[in-house]
J.: 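Just dropping this structure here.
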Amino acid sequence: MESEKKLLSIIVPVYNEEKNIPLFYEKIQAILNVLSYAWEIVFVNDGSCDKSILELEKISQKDLRVRVIDFSRNFGKEIAVTAGINNCQGVACIILDADLQHPIEKIPDFIKKWEAGAEVVVGVRKKNKGEGFVKKIGSYFFYKMINRISDMKIVTRATDYRLIDRIVIDAFNQLTEKNRMTRALIDWLGFRREYIYFEANERIHGVPAYSFWKLVRLAFNSMIAFSLFPLKLAGYLGVIITFFSGLLGIFIMIDRYMTKELHFSGSVILAVVILFLIGVVLVCLGLIALYIANIHAEVTNRPMYIVRKARSR
Ligand code: UDP
Ligand code: MG
């Protein structure tokens with residue numbers, strides 16, 4: 001009987017969560033045990049410098065369904081989650097934080113949506129409980145911006161708390177880029193998606209490891225990875241400057257040789273000439289940027305398309 005049950009994987013990135021781990025494990029196993037699935041938990045210890053790894057090993061020695069991937073140093077949550085996805089064996093996996101901010105009791109809801117046919121179930125935060133003003137504003141503008149400048153849609157407040165089907169896991173495993181934002185990549189992959197709304201809990205133990213600057217860096221990285229707009233900016237600027245300084249130049253010429261009314265001084269003419277040339281330089285930069293964009297696309301080596309294979313459920 002037991003062997004007929006499908007396997008569900010839970011992926012948990014861990015960075016300095018020694019106090020949260022036992023609590024997390026107690027709570028999640030109580031919920032997983034009543035499901036009609038077999039389960040495994042893949043903890044990825046992302047180079048914690050506290051006793052997290054001891055706690056994890058204690059659990060995995062008692063419980064064979066718990067596996068631990070132990071990083072040699074801190075590689076960041078995005079990479080930790082990637083390692084979990086690469087190494088899980090289930091017909092679907094659920095990714096959630098170890099700090100209990102992602103309400104564990106929502107797991108059955110994720111599974112229900114998945115059983116009803118969704119291939120990606122995304123957890124969306126209702127409120128940013130216990131989050132600073134700066135972070136709120138920051139994430140608001142980040143989502144506004146990325147939806148503007150890149151060609152995929154990202155829902156505001158969509159979190160990493162997600163369930164993804166095996167076909168999405170397999171597609172995800174084809175991606176080779178190193179500098180990554182996991183949830184943006186999952187969004188890029190597409191597939192049928194559903195949303196679960198939840199209220200994030202406050203952190204009980206420990207401090208959030210994502211500092212403000214780490215988040216800013218992540219935001220910049222993902223804008224660069226998913227949009228060519230920053231690259232093209234110089235080019236656009238150049239076109240505008242060239243155009244208007246060119247007009248101005250023509251106007252000055254006409255006045256100097258024909259109407260002879262305004263008498264532009266030499267320095268004005270010089271300024272306009274320089275402006276024009278700066279415009280030309282920026283246009284050239286923009287052209288180079290287009291080539292770099294091509295190189296970027298080749299180097300990132302994302303597959304050109306993603307195929308939905310027959311589902312094996
Ligand atoms: N985390 C990680 N590596 C890091 C930072 C965080 O694996 O470098 C894990 C952390 O243990 C937690 C999750 O990622 O399970 C979310 O981290 P945190 O609570 O600091 O972020 P926030 O809740 O502010 O998004
Ligand atoms: Mg957290």
Side-chain angles (χ1 to χ4, degrees), residues 9-28 41-57 59-60 66-88 93-104 106-107 122-140 142-143 154-163 178-186 198-219 221-222:
S9 301
I10 308 290
I11 293 169
V12 192
V14 174
Y15 179 61
N16 295 348
E17 309 275 9
E18 57 179 3
K19 291 228 179 71
N20 291 321
I21 290 165
L23 218 71
F24 176 87
Y25 173 69
E26 278 316 313
K27 275 183 125 181
I28 201 166
I41 305 180
V42 182
F43 283 108
V44 184
N45 178 35
D46 184 14
S48 303
C49 28
D50 62 356
K51 297 200 180 72
S52 293
I53 186 64
L54 296 181
E55 294 290 339
L56 292 177
E57 266 162 8
I59 295 170
S60 70
V66 176
R67 286 194 287 141
V68 180
I69 298 172
D70 191 19
F71 279 0
S72 59
R73 66 169 170 89
N74 180 249
F75 283 93
K77 179 184 176 187
E78 309 304 315
I79 310 287
V81 171
T82 301
I85 296 176
N86 290 160
N87 288 287
C88 74
C93 73
I94 298 176
I95 304 155
L96 78 170
D97 287 358
D99 58 7
L100 297 162
Q101 283 190 297
H102 294 161
I104 294 172
K106 289 274 179 191
I107 286 179
V122 180
V124 181
R125 246 174 335 176
K126 271 195 235 153
K127 275 200 218 110
N128 299 13
K129 231 196 250 174
E131 232 176 38
F133 183 66
V134 187
K135 223 170 167 179
K136 260 186 227 171
I137 292 275
S139 75
Y140 175 80
F142 169 70
Y143 285 111
I154 300 181
V155 176
T156 315
R157 287 193 233 278
T159 62
D160 282 324
Y161 190 4
R162 285 164 186 226
L163 179 152
K178 310 285 180 294
N179 206 342
R180 53 171 62 203
M181 184 174 182
T182 311
R183 78 186 101 129
L185 281 179
I186 294 175
F198 70 87
E199 265 175 55
N201 302 316
E202 271 173 71
R203 226 176 208 284
I204 311 174
H205 296 293
V207 287
Y210 265 106
S211 68
F212 176 68
W213 286 113
K214 234 174 166 177
L215 279 175
V216 169
R217 211 167 62 203
L218 194 66
N221 273 344
S222 54

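Indexing begins at 1, ligand by ligand and atom by atom, following the structure's order. This is a predicted model, so every value here is computed, not measured.
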J.: Verify side chain to side chain contact (heavy atoms under 4.5 Å, CB included) between N87 and I69, making sure each step is shown before the conclusion.
T.: CA-CA 9 Å; N87 288 287; I69 298 172; 3.6 Å; yes
J.: Measuring from N45:CG to N16:CG, what's the distance to the nearest 0.5 Å?
T.: 8.5 Å
J.: Flag the pair L23 / L100 as yes when at least one side-chain heavy-atom distance between them is below 4.5 Å, and no otherwise.
T.: yes
J.: For residues 68-80, which residue pairs pass the salt bridge (Lys or Arg N to Asp or Glu O under 4.0 Å) check, not counting sequence neighbours?
T.: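 Pairs touching residues 68-80 that pass the test: K77-D97, K77-D160.
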J.: Looking at E17, which atoms of ligand 1 are within less than 4.0 Å of one of its heavy atoms?
T.: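 This gives 10 (C), 11 (O), 12 (C), 15 (O) as the contact atoms.
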J.: Which part of N74 is near ligand 1, with near meaning a heavy atom under 4.0 Å away: side chain, backbone, both or neither?
T.: side chain
J.: A80 versus ligand 1: do any nitrogen or oxygen atoms come within less than 3.5 Å of each other?
T.: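 Looking only at distances, the answer is no, because the N/O contact criterion of under 3.5 Å is not met.
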J.: Applying a 4.0 Å heavy-atom criterion (strictly less than), which segment of D97 is in contact with ligand 1: side chain, backbone, both, or neither?
T.: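 Near ligand 1, D97 shows its backbone as well as its side chain.
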J.: Check whether any side-chain heavy atom of I21 sits under 4.5 Å from a side-chain heavy atom of I59, and report yes or no.
T.: yes
J.: Hey, does I94 have a side-chain heavy atom less than 4.5 Å from the side chain of I11?
T.: no
J.: What atoms in ligand 1 come closer than 4.0 Å to a heavy atom of D99?
T.: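 Those atoms are 18 (P), 19 (O), 23 (O).
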J.: Give the ring-plane orientation class for Y161 versus H102, where under 30° counts as parallel, over 60° as perpendicular and anything between as tilted.
T.: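 Taking H102 first and then Y161, their aromatic rings lie parallel (interplane angle under 30°).
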J.: Protein N/O/S atoms under 2.8 Å of the Mg ion (ligand 2)?
T.: D99 OD2, Q101 OE1
J.: State the atoms of ligand 1, each with its element, that fall below the 4.0 Å cut-off from a heavy-atom position in Q101.
T.: 19 (O), 23 (O)
J.: Should R67 and S60 count as side-chain neighbours, where that means a heavy-atom distance under 4.5 Å?
T.: no
J.: Could you list the atoms of ligand 1 found under 4.0 angstrom from a heavy atom of A98?
T.: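 This gives 15 (O) as the contact atoms.
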J.: Give the atoms of ligand 1, by number and element, whose distance to some non-hydrogen atom of G76 is under 4.0 Å.
T.: 3 (N), 8 (O)
J.: Report yes if some heavy atom in the side chain of E17 is under 4.5 Å from a heavy atom in the side chain of F24; otherwise report no.
T.: no
J.: Is the closest side-chain heavy-atom distance between V44 and F75 below 4.5 Å?
T.: no
